[in-house]
2 protein chains.
Amino acid sequence: MPSPSQIERLLRDASLRVTAPRKAVLAAVYENPHADTETLLAATRSRLGSVSHQAVYDVLRALHEAGLVRRIQPAGSVARYEARVGDNHHHLVCRSCGVVADVDCAVGEAPCLTASDDAGFAIDEAEVVYWGLCPDCQSRPAAR
Amino acid sequence: MPSPSQIERLLRDASLRVTAPRKAVLAAVYENPHADTETLLAATRSRLGSVSHQAVYDVLRALHEAGLVRRIQPAGSVARYEARVGDNHHHLVCRSCGVVADVDCAVGEAPCLTASDDAGFAIDEAEVVYWGLCPDCQSRPAAR
DNA sequence: ACCGTTTTCTTGACTTGTTCAAATCAAGGT
DNA sequence: ACCTTGATTTGAACAAGTCAAGAAAACGGT
């Protein structure tokens with residue numbers, strides 16, 4: 001969990017201007033892994049008092065383009081963000097409640113990341129999503 | 001590419017009522033792999049003359065729930081459907097134009113499908129998406 | 001072959017998540 | 001301190017998909 005000054009550092013090093021919304025949104029992403037935009041908007045407001053809807057969208061895009069956050073979007077879900085970038089980890093997604101958990105890449109890095117036939121594509125990333133039911137949803141089946 | 005009677009068979013075997021829209025949509029999915037809903041709507045209309053927006057959505061959902069079509073939805077893309085079900089294949093997605101291609105599962109089935117730590121989830125599927133640039137988009141970089 | 005039940009299709013309004021655009025405002029180099 | 005460039009606010013717009021009510025069609029039983 002980076003300190004405020006580390007947050008500033010991260011922004012500056014990415015040659016992004018350091019503004020209150022950006023610091024707050026980035027901190028919120030660190031504190032709420034896999035959170036959706038609405039959650040991050042709420043978290044940001046609880047720090048700053050008020051930020052626009054749009055600012056959070058813009059900031060998340062800027063952070064994403066700068067490589068400071070990763071954007072994930074499992075099918076049927078809204079966009080979610082996480083600050084854990086740079087490593088090659090994957091995700092578990094609950095079919096029932098949509099909650100997301102991290103998984104480290106199982107087999108080193110090789111097999112999963114190489115397609116048997118790339119059809120001429122220049123592949124730069126292999127993403128693995130494991131679908132299932134989270135512990136909570138297993139214990140109350142089909143409930144909710 | 002199944003014949004009309006095979007299409008009917010597929011529907012009946014899935015205990016779905018056989019209707020003109022269903023036959024047309026299912027045939028359209030066979031003919032347009034990885035097509036989005038709008039494309040399928042157009043393809044269906046070219047067979048039937050007119051079908052509602054809603055009917056196509058309903059039919060696609062019914063076919064999906066019956067396991068006759070697979071729904072894929074790469075991040076940032078609309079829902080796409082394919083009739084190739086039952087085998088464990090994955091997808092290549094072009095970051096630039098969004099086109100999707102099939103890849104057979106590289107390493108048999110074992111390593112990719114087992115998470116190193118399942119965090120208590122009951123996993124029923126592992127989905128792999130390879131991101132990159134398709135041959136066309138490589139030759140006209142950043143164009144479009 | 002017809003009937004009734006049940007499911008599906010049509011129509012049209014509506015929600016949700018996200019983006020666009022114009023005007024205002026602030027960060028940070030000079 | 002100023003100025004330029006980039007960020008934020010405001011408010012509208014957009015696209016994909018969903019909801020709901022009634023009309024229509026499928027198919028099992030008679």
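Just so it is clear: chains get the letters A, B, ... in the order the sequence lines come, proteins before strands, and each one is counted from 1. The figures here come from the full heavy-atom set of this structure, side chains too, leaving out hydrogens, waters and symmetry mates.
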Peer 1: Run the salt bridge (charged side-chain N to carboxylate O under 4.0 Å, His left out) test on B:E125 and A:R95 for me, step by step, so that the C-alpha distance in whole Å, both residues' side-chain angles and the decisive distance to 0.1 Å come before the verdict.
Peer 2: CA-CA 10 Å; B:E125 185 190 346; A:R95 282 193 196 280; 2.9 Å; yes
Peer 1: Could you tell me how far apart A:L40 (CG) and C:dT18 (C1') are, to the nearest whole angstrom?
Peer 2: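 Going from CG in A:L40 over to C1' in C:dT18 covers 15 Å.
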Peer 1: A side-chain contact here means heavy atoms from C-beta on lying under 4.5 Å apart; do A:V103 and A:H89 qualify?
Peer 2: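 Contact flag for A:V103/A:H89 side chains = no.
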Peer 1: At under 4.0 Å between heavy atoms, how does the protein contact nucleotides 19-30 of chain D? Give one character per nucleotide, 5' to 3', with B, S or -.
Peer 2: BB----BBS---
Peer 1: Write down the distance between CD (B:E38) and P (D:dC14), rounded to a whole number of angstrom.
Peer 2: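 After rounding, the gap between these two atoms is 16 Å.
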Peer 1: What's the CG-P distance between A:L11 and C:dA26, to the nearest Å?
Peer 2: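 Atom CG in A:L11 sits about 19 Å away from atom P in C:dA26.
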Peer 1: side-chain contact (heavy atoms from CB on, under 4.5 Å), that's the test. Do B:T44 and B:V59 meet it? Break it down for me.
Peer 2: CA-CA 11 Å; B:T44 306; B:V59 170; over 6 Å; no
Peer 1: Find the distance A:E65:CD to C:dT19:P and express it as a whole number of Å.
Peer 2: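 In whole Å, C:dT19 P and A:E65 CD are 11 Å from each other.
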Peer 1: Touch check for A:A79, heavy atoms < 4.0 angstrom, all strands: base, sugar-phosphate only, or nothing?
Peer 2: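 Result for A:A79 = sugar-phosphate.
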Peer 1: Which pair of heavy atoms, one from A:C94 and one from A:C137, lies closest together, and at what distance?
Peer 2: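 Answer, listing the atom of A:C94 first, then A:C137: SG-SG, 3.7 Å.
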Peer 1: Are more than 12 heavy atoms, taken from residues, nucleotides or ligands other than B:R61, located less than 6.0 Å from that residue's CZ atom?
Peer 2: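 No, CZ of B:R61 has 12 or fewer neighbouring heavy atoms, counting only those of other groups under 6.0 Å.
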Peer 1: Please report the interatomic distance OG(B:S46) to CD(B:E31), rounded to the nearest 0.5 Å.
Peer 2: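 Rounded to the nearest 0.5 Å, the OG-CD separation comes to 8.0 Å.
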Peer 1: Let me know the distance between CZ of A:R80 and P of C:dT18, rounded to the nearest Å.
Peer 2: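 Those two atoms, CZ and P, are 10 Å apart.
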Peer 1: C:dG17 phosphate, OP1 or OP2: any side-chain N/O from A:T37 under 4.0 angstrom?
Peer 2: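 It does not, given that no N or O in the side chain of A:T37 lies less than 4.0 Å from OP1 or OP2 of C:dG17.
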Peer 1: Provide, to the nearest angstrom, the distance between the NE2 atom belonging to A:H53 and the C1' atom belonging to C:dA21.
Peer 2: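 From A:H53 NE2 to C:dA21 C1': 15 Å.
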Peer 1: Rounded to whole Å, please give me the gap between CZ in A:R22 and P in C:dA27.
Peer 2: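 Those two atoms, CZ and P, are 11 Å apart.
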Peer 1: Check the distance between C:dC14's P and B:Y57's OH and give it to me in whole angstrom.
Peer 2: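 That distance rounds to 19 Å.
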